[in-house]
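Since the structure comes first, as structure tokens, the remarks are kept for the end.
Order of the sequence lines sets the chain letters (A, B, ...), proteins ahead of strands, with each chain counted from 1.
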Amino acid sequence: VSWLLVAPIAVPFATAIATFALRGAPRLERAASIAGAAALFAASIALLAQVMAGGILAAQMGDWPAPFGITLVADRLSAAMVAITGITGLAVAVYALAELDREREARGFHPLYHCLLAGVCGAFLTGDLFNLYVWFEVMLISSFGLLVLGGTRAEIEGGVKYVTLNILATLAFLTAVGLLYGLTGTLNMADLHLKVPQVEDQALVTTVAVLFMIAFGMKAAVFPLFFWLPASYHTPAVTVSAIFSALLTKVGVYALIRVFTLIFTGDVAFTHELLLVIAGLTMVTGVLGAACQSEIRRILSFHIVSQIGYMVMGLALFTPLALVGAVFYLIHHIIVKANLFLVGGLVKRLRGATELKSVGDLWRSHPGVALLFLVPALSLAGFPPLSGFWAKLVLVRAGIEQEAWTIVAVALVVGLFTVFSMTKIWTEAFWKPQPEGARPEGGGTALMVLPIVALAALTLLIGLAPQPFFEYAERSARELLDPAPYVRTVLEASR
Amino acid sequence: VDALLPLMIGVLVACGVYLMLGRHLLGYVFGLVLISNAANLVIFSAGRLTKYAPAFVPEGALAPAGAVANALPQALILTAIVIGFGLLAFTLVLVLRAYGVLGTLEVDAIRPDEDDAGPREESR
């Protein structure tokens with residue numbers, strides 16, 4: 001059983017090594033990359049199936065019993081996140097074959113990409129805070145490499161901002177880990193759940209909690225710590241933007257959810273209230289930032305920020321229904337956001353630009369592409385019957401039940417502004433006549449369209465048949481709010 | 001002695017922040033170095049400062065004889081130092097590259113001149 005937990009980490013690492021070894025033979029390297037991504041997909045689905053059937057899984061690495069050894073653990077939230085990583089990982093890997101230029105590929109895109117996936121899966125599966133730090137680093141250093149792969153001026157410029165600010169977040173995380181260890185003497189998350197309430201000075205715990213909030217909040221790009229994201233996400237290759245936008249900030253959100261449901265629940269009135277304020281401001285600043293941009297990927301980057309606000313809102317309200325919304329939103333958002341970036345790359349391929357003023361008329365020349373854009377775009381804005389509608393509905397409902405009128409109003413208005421941004425892309429890129437000077441990049445688009453269609457189909461599936469997803473999120477929320485089974489499983493897992 | 005380490009951490013962080021608030025990117029990176037060392041020291045002091053022997057288990061025994069120092073924070077710091085070293089090495093190379101590409105490391109000068117989102121023209 002424990003192999004199911006190890007596989008989502010081991011497979012991408014093995015793939016990274018294989019692709020690195022095959023870097024002299026591009027065809028083989030690509031084949032290895034796709035095979036590895038497919039294997040990760042299979043492994044993640046196997047893990048998901050096992051967790052759905054048998055409940056929480058835990059394994060102790062090297063047979064060191066918890067809380068001393070490194071624990072890998074998958075509850076429903078982790079399993080879903082790993083599965084969604086497998087899905088987007090495979091989709092983007094296929095897309096990369098068509099989108100990426102030879103130079104970036106030769107400089108080591110594939111090994112870095114799979115290291116990134118390993119880091120992301122590791123972060124989702126670990127049951128230990130220091131280990132989480134290590135996985136963050138794996139993720140971070142691979143993302144650094146991916147971000148500056150092309151070596152262009154824009155990439156270096158965005159890279160400097162991304163790297164320096166993210167290292168700062170990492171240091172905040174490390175300091176918080178050290179302080180928490182000093183307070184409790186343990187770093188195993190399940191053990192922390194038991195030890196943190198025993199700390200005499202709960203004010204210190206809250207202080208450390210806020211330090212964690214800053215560290216993870218920076219990763220998740222919440223207000224006012226999101227500036228690195230719109231400064232860098234539009235600079236690298238579209239493939240890289242897509243995988244970043246799908247997974248990196250969501251690891252931050254996952255970490256926030258994990259830590260603020262499992263460990264820091266002693267002072268909900270303060271910490272979660274603070275999160276609620278952050279959530280509202282994140283939504284508003286993100287969507288307003290998007291409104292004044294005129295480049296597709298920049299608009300989408302700001303929308304990542306605003307959407308993160310919705311997920312944090314779900315966590316902050318801290319009711320069963322709100323957490324259902326947060327989990328549902330996470331799953332829906334990763335798919336939709338990756339897909340929007342992929343469509344953006346398709347536009348770039350067809351028109352040679354992503355600035356709205358120099359693209360147009362795609363509706364007439366490529367109606368299929370237009371439809372493929374509409375699915376994730378409308379889902380992002382929350383149109384029924386797409387996945388985003390259900391996600392927003394649950395969250396707003398949860399807010400109304402809590403009588404948190406301000407955040408509900410903010411969530412609804414921000415939804416409206418999201419429609420505005422999406423219609424802006426629509427009218428500019430798809431409806432208006434093509435301006436002079438289009439330079440299509442040329443090259444096959446079949447491999448680019450395939451993953452977009454697959455992800456759009458998934459969005460439709462979640463939208464049209466939300467019931468199983470909703471039930472899954474509901475169980476996941478129940479696990480999050482009552483961590484006793486999680487704690488028991490971790491501390492009793494024999495191997 | 002107990003007060004010395006926290007004081008040193010404080011001074012390191014203060015110096016780091018001061019450097020980071022400067023206008024030069026290299027100063028920012030040096031500030032990161034100082035703060036990362038401060039973070040390591042935080043972990044170290046969080047494991048309690050003791051004057052015990054290193055945590056060696058004698059041959060044939062299952063537990064160390066007598067009181068030993070807490071080995072866990074040392075292991076954590078070792079990991080953190082290695083990771084931090086890698087990150088900072090990468091950052092320095094990146095900054096060097098940025099100097100080559102952008103021609104300056106003044107923070108004020110490193111800003112996207114593509115706010116109008118147009119493709120960057122050579123004539124700018």
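Chain B forms more heavy-atom pairs under 4.5 Å with one residue of Thr152(A), Val134(A), Thr175(A), Thr164(A) than with any other, namely Thr164(A). Among Leu94(B), Leu76(B), Thr91(B), Leu88(B), the residue making the largest number of heavy-atom pairs under 4.5 Å with chain A is Leu76(B). Each of Leu87(B), Leu72(B), Val101(B) has some count of heavy-atom pairs under 4.5 Å with chain A, and the biggest count is that of Leu87(B). Taking chain B as the reference chain and counting heavy-atom pairs below 4.5 Å, the highest number among Val177(A), Leu168(A), Val148(A) is found for Leu168(A).
Between the side chains of Ser294(A) and Lys424(A), no donor-acceptor pair of N or O atoms lies under 3.5 Å.
Classification of the Phe144(A)-Phe90(B) ring pair by plane angle, with boundaries at 30° and 60°, yields parallel.
There is no contact between Phe68(A) and chain B, counting heavy-atom distances below 4.5 Å. If you measure heavy-atom distances from Leu180(A) to chain B, you find no contacts under 4.5 Å at all.
No donor-acceptor pair closer than 3.5 Å links the side chain of Arg351(A) to the backbone N or O of Val359(A).
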Exercise. Phe216(A) and Phe136(A): ring-ring contact (aromatic ring centres under 6.0 Å, His included), yes or no, with the steps?
Worked result: CA-CA 10 Å; Phe216(A) 294 148; Phe136(A) 266 75; 5.8 Å; yes
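Salt bridge present: Glu155(A) and Arg104(A) bring a charged side-chain N and a carboxylate O closer than 4.0 Å.
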